[in-house]
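This report concerns only the one structure given below.
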Amino acid sequence: MNAPSYLQRVRLGGALLALVLTSSLARADSVAHDHALDEGACGLEPPGVEYVPMPGPRPHESRRLSAQEPPVVRREQPSRAGTKSGVPQTRQRTGSLSGKVVYLSPGHGFTRSAPLNRWATQRPNTWAVVEDLISAEVLNQYLLPMLTGAGATVVPVREPDLNPRMVIVDDGQPGYSEEGEGFEVSSQSGWATPATPMGNAVEPFSLGTTRVMASARAATASATWAPEIPADGSYNVYVSYVADPARAPDAHYVVKHAGGESHFRVNQRRHGGTWVLLGRFYFKAGQHLDSGAVVALNDTAEGGTLSLDAVRFGGGSGVIGDAAMAPLARPRYEESARYHVQFSGAPATVYAPTGANALSNERNADVTARPRFAAWLHEEGEDAVYVAWHTNASTTGNVSGTEAYVYGPNPVDGTLNFTGFPGSDVLARALLAELGTDLRREVDPNWRTRNLRSANLGEVNPTHNNEMPSVLLEIAYHDNVTDSNRLKEPAFRRVAARAILQGLIKYYAARDGVPVVLPPDAPDAVAALNGTGGTVEVRWAAPPANPDEEGRDAPTGYRVYQSADGLGWDDGTDEAGTAFTLTLAPGTARYFRVAALNAGGEGFPSATVGVRTPGGAEAPVLVVNGFERLDASQACAEPLDAYDLEAPVRLLVETMNDGTYVRRHGAALAHAGHAFDSATRAAVAARLVTVGAPYPLVDWFTGRGGVAGARPSREEQDALSGFVMQGGHLLLSGSHVASALAVGSAEDQTFLSDILRASPGSGTPALSVEGVPDGWLAQLTGVGLDDGTRGAYAVGATDVLTPASGGTPVLRYPGTEWAAGVASAPNGRVLLLGVPFEGIVSSAQRAGLMSSFLVQAGLLTEPPAAPAEESAAPGLLTSCVAARGVDPHPPPEPEPEPEPEPEPRVLGVLPQFYPLGDSGCGCGAGGGTGTAVWLLLGVIVQLRRARRRGDVAGR
């Protein structure tokens, strides 16, 4: 297309200005603030743009799916005995969304910017949040597993795995092997790892070969993909195959990993030529055929051949680049959909819909790549919806709340002129209603949700996806201080994600005429207790049903997950009641998590609890998890100055509090050869376990502390005081126990001085401690504390302690006299740590500290030899700093008095929303050269100034 002339550009700019002025500035001020120049308006598509047509149906899509067609992935429950394991809440379940497919779009992400000559986000840092990162964090950690737990097949349009490590094993390549008969080369192409960097138009699923395995009623052959896992950790596992009507609808895959085996049935007649997610599993570094592989067996009940292609472990980092710009040196989940769509097998007509122009303007292609990928993968008869999560911005920073958009030919002007795919408006109203109800109930009673709106937004445009109801949600305004603070809160993110889940369930229930059944929440009161003769009982209290939902989210059963190490989990055992019993051999450690179930699906699992059965006559230690805190102030900020993003907050639950830390205490006790029970703090309050006899020692930890977990409650203090005064031993650890008690009530201060024998000191300690020379912890040197990058969570500012009467310093901050641990013996032995025990990085040093205290308490005669250092999985962050944000609406500078001009001045060329066929988001990336929105705002300001001068009066 030829470049528009100067006159055409001026006329276009004038038309746009007139549109903005008449549809926004002339409206009531509140409406103007809501819509005039919303950043959410980016992605608008001008009328009459012609796109490359969507690809036609693929060969396997020649048939319409029947209502009885199996889902793409479902769990297999073999009749034979064996373990089935995985990370809870990541495997396909059954529930209210069974048979439904949800195409999930976390908006934006890093794209290549030619003007900046680097990678850049599509949204800037505003008040220390970046929309591109928020959307991926929320959907990957909350909404996707919630939907999966309710039975949905979820197809994310960006990479969902937070793990920045990745390994792919392809058929015919190292790590791939076959056993048995019935294999042959297929004429159908498949994945092949392209050269690095992967080129801009490369289609990786057309570069390689695939294999075919004949099926049988019972397994007679198998194919194995055995990777060299780069580091310990949890990895998403994806399989690929060529879909075909002749394929087996029940291809049998087995994932072997650190926790055992998980079995799946995959419908190879659907969703081929891309990555299909099986689940998330824990693997140990290296190559382990029995605990680090995927096996395809040829047993099927339905017949058909099995296609064998590649298997992928993990999300990885950027792979797409060229000679001018290397791939993104960041986790791949942070990339925009434009690159994930290409990596996932879609042809160039999907991710570059306007031809060669789009390849040089990938930020705009990203908008359309999202819905076009959904339409490309969607099959006729598939019951699917498309949901996009975004946050918004205004021109003033005064707008807040939640909005939803469906397609209409109008700009973002607050009106509804719906012309999109039928049912989109019904879906949008269901989601808005649930978001409004839940956010007002659990976050802010004054939270605002606006009426449904339409706009000519590319992401919900039927030109790109005319196959399913599609909704774009603007959850909050990231440039509004109050809303941005909400977006930093894990609780807000969880409630918003759950509201979308529940809104989808209610939408489908109303459409299909079935009852609404919502999955339950997680139990918070859970305990694992030793009995006699090796029996172990897991107890829990039912999570309360939400009264607003009329009990329809109440559990009707539970699933108890087990793990030998708290990392790799089995597929669970279903229980109707609130207790589970098993028998273990002497000296066996076992960990548990409990998830609530009903017909709506499975909720998130509880915090981890565990036991070690006695090896002899010893009475168990009681470990109590009092670390309940999960809030914004625990989050790390990540310095992203290389991308001109300052240091935005990163809410990665694994680096804050994922509820797993009992296993670190349990491992230290197990090394000492000592039995233990454990419980959550809520379980103590629910009387599922009692602090006192027969326990000789209580290990109570509060973690980083804070409002919800800094100090034991009054009732807990009374129980601990009585326990200690009767000769019981206490290990109490946490970042702010002493400082919180010192500013509490008189009873709090008495507990601190008389039982813990300490008071808070002053100082800013480093993130390391050591034993006091000549003390019973003198062997501990160079003990590092986690800063959020070393496999646990950031311990924050830890306590400096001062021994009170009867207290002795045993742990200190290196090179100082500041105590980090104070020991005493009011009756029983007491050790107060001003640092979180589980925040000690070294597993060997944790074990050494615990064993030394057990010796002091008389529960061991001497400490065991130091254990081998546990291989710690690398953290998700490489650094953790204080947040640095940007005020998106700084106060304007005083306007100088204009100098008189002798003649009227003609305005220069107006900025365009859609220069040279720009069909998508025209906003500037973070720290870039500015956005069309702000440029247009500047033009409006100049126009007003010119009018005051009389330059353009009457024009």
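Everything quoted here is computed from the prediction, not taken from an experiment.
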Notebook entry, point to check: Hey, does Tyr561 have a side-chain heavy atom less than 4.5 Å from the side chain of Thr608?
Noted result: no
Quiz item: With distance as the sole test, does Ser400 use its side chain to make a donor-acceptor pair with the main-chain N or O of Asp483 at under 3.5 Å?
Solution: no
- Query: Would Arg441 and Asp438 pass as an ion pair if we require N to O under 4.0 Å?
  - Reply: yes
- Message: In the structure I gave you, are the side-chain heavy atoms of Val471 and Val460 within less than 4.5 Å of one another anywhere?
- Response: no
d(Leu741 CG, Glu747 CD) to nearest 0.5 Å is 11.5 Å
The reported gap from CG in Leu472 to CG in Asn461 (rounded to nearest 0.5 angstrom) is 12.0 Å
* **Close side-chain approach of Val662 and Phe701, heavy atoms under 4.5 Å** => yes
Any carboxylate oxygen within less than 4.0 angstrom of a Lys/Arg side-chain nitrogen, looking at Arg440 and Asp548? no
Closest non-hydrogen contact found for Met468 with Ala384 is CB-O, 3.4 Å
- Message: Please determine whether a side-chain nitrogen of the Lys or Arg among Arg593 and Glu602 lies less than 4.0 Å from a carboxylate oxygen of the Asp or Glu.
- Response: no
Exercise for review: Ignoring hydrogens and angles, tell me if any N or O in the side chain of Asp631 forms a donor-acceptor pair with the backbone of Glu489 under 3.5 Å.
Suggested key: no
* Just by distance, do the side chain of Lys100 and the backbone of Val385 share a donor-acceptor pair under 3.5 Å? -> no
Exercise. Look only at the side chain of Glu137 and the backbone of Arg493, and say whether a donor-acceptor pair between them is shorter than 3.5 Å.
Key: no
TODO: In sequence, state the C-alpha distance, the side-chain angles, and the governing distance for Ser105 and Tyr386, and then conclude on side-chain contact (heavy atoms from CB on, under 4.5 Å).
DONE: CA-CA 8 Å; Ser105 171; Tyr386 179 95; 3.3 Å; yes
Output for pair (Arg704 CZ, Gln634 CD), nearest 0.5 Å, gives 6.0 Å
- Query: Should Asp161 and Arg280 count as an ion pair when the cut-off is N to O under 4.0 Å?
  - Reply: yes
- Does the pair Glu838 and Arg663 meet the rule for a side-chain contact (heavy atoms from CB on, under 4.5 Å), with working shown? CA-CA 9 Å; Glu838 64 283 353; Arg663 72 176 184 85; over 6 Å; no
Taking the side chain from Thr680 and the backbone from Val526, do they hold a donor-acceptor pair closer than 3.5 Å? yes
Hits for ring pair (Phe, Tyr, Trp, His ring centres under 6.0 Å) against Tyr558, two or more places apart or cross-chain, chain-then-number order -> Trp540
Sorted by chain and residue number, the ring pair (Phe, Tyr, Trp, His ring centres under 6.0 Å) partners of Tyr591 (sequence neighbours excluded) come out as none
Output for pair (Thr415 OG1, Asn417 CG), nearest 0.5 Å, gives 6.5 Å
Check for me whether the distance between the ring centres of Tyr793 and Phe627 falls short of 6.0 Å. yes
Interatomic distance, CG@Leu457 vs OH@Tyr405, rounded to 0.5 Å, equals 7.5 Å
Paired with Pro648, the side chain to side chain contact (heavy atoms under 4.5 Å, CB included) test is passed by just one of Asp132, Thr121, Val886, Asn125, namely Asn125
Should Glu474 and Arg450 count as an ion pair when the cut-off is N to O under 4.0 Å?
no
CG (Leu427) and CG (Leu432) are apart, to the nearest 0.5 Å, by 10.0 Å
Does Pro160 reach the side chain of Leu144, with side-chain heavy atoms less than 4.5 Å apart?
yes
Output a table of donor-acceptor pairs, distance under 3.5 Å, between side-chain atoms of residues 516-523 and any protein atom two or more places apart or on a different chain; print 'none' if there are none.
none

Under 3.5 Å, is there a donor-acceptor pair between the side chain of Asn657 and the main chain of Leu630? no
In short, Val387 meets Ile500 closest at the heavy-atom pair CG1-CG2, 4.4 Å
Sorted by chain and number, sequence neighbours left out, salt bridge (Lys or Arg N to Asp or Glu O under 4.0 Å) with Glu382 holds for Arg270
Check whether the side chains of Asn625 and Ser678 place a donor and an acceptor atom closer than 3.5 Å, and report yes or no. no
Closest heavy-atom pair, Ala635 versus Leu651, reported as atoms and distance to 0.1 Å, is CB-CD1, 3.7 Å
For Leu435 and Ala496 the tightest heavy-atom approach is CD2-O, 3.6 Å
Is it true that Asp413 and Arg453 make a salt bridge, defined as a side-chain N closer than 4.0 Å to a carboxylate O?
no
Q) Parallel, tilted or perpendicular for Phe604 and Tyr142, by the 30°/60° rule? A) parallel
For Asp748 and Arg714, run salt bridge (Lys or Arg N to Asp or Glu O under 4.0 Å): C-alpha distance rounded to whole Å, both residues' side-chain angles, the deciding distance at 0.1 Å, then the answer. CA-CA 8 Å; Asp748 291 337; Arg714 174 79 268 129; 3.5 Å; yes
**OP:** Answer yes or no: is there a side-chain heavy-atom contact under 4.5 Å between Arg370 and Val367?
**Re:** yes
Smallest heavy-atom separation, Val157 atom then Ala337 atom, equals O-CB, 3.2 Å
The salt bridge (Lys or Arg N to Asp or Glu O under 4.0 Å) partners of Glu638 (sequence neighbours excluded) come to Arg330, Arg650
Margin query: Using only atom types and a distance under 3.5 Å, with no angle test, would you say the side chain of His478 pairs donor to acceptor with the backbone of Glu131?
Written below: no
Side chain to side chain contact (heavy atoms under 4.5 Å, CB included) test vs Val154 passes for just one of Leu147, Leu97, Leu277, namely Leu147
*Output yes when Arg511 and Asp383 qualify as a salt bridge under the 4.0 Å nitrogen-oxygen rule, no when they do not.*
yes
Between Ala150 and Leu501, the two heavy atoms sitting closest are CB-CD1, 3.8 Å
- State, with a plain yes or no, whether a side-chain heavy atom of Val495 is found less than 4.5 Å away from one of Leu439. yes
query: So do the side chains of Asp444 and Arg486 get within less than 4.5 Å of each other, counting heavy atoms only?
result: yes
Point to revise | pair Glu442-Asn546: side-chain heavy atoms closer than 4.5 Å | key: yes
(message) With a 6.0 Å cut-off (strictly less than), is the heavy-atom count around CD of Glu715, excluding the residue itself, greater than 12?
(response) no
Is a donor on one side and an acceptor on the other found under 3.5 Å between the side chain of Thr126 and the backbone of Pro888? no
Tyr507 meets the ring pair (Phe, Tyr, Trp, His ring centres under 6.0 Å) criterion, sequence neighbours left out, with none
| CG (Asn451) with more than 12 external heavy atoms under 6.0 Å | no
Take Asn392 and Tyr477, measure what side-chain contact (heavy atoms from CB on, under 4.5 Å) needs, and give me the verdict at the end. CA-CA 4 Å; Asn392 211 341; Tyr477 276 75; 3.3 Å; yes
Could you go through Trp389 and Ile475, starting from their C-alpha distance and side-chain angles, then the distance that decides it, and tell me whether this counts as side-chain contact (heavy atoms from CB on, under 4.5 Å)?
CA-CA 7 Å; Trp389 167 296; Ile475 300 299; 3.6 Å; yes
Subject >> Donor-acceptor contact below 3.5 Å, side chain Thr449 vs main chain Thr402 >> reply: no
Worksheet item: Is the side chain of Asp479 donor-acceptor paired with the backbone N or O of Ser394 at a distance under 3.5 Å, no angle test?
Response: yes
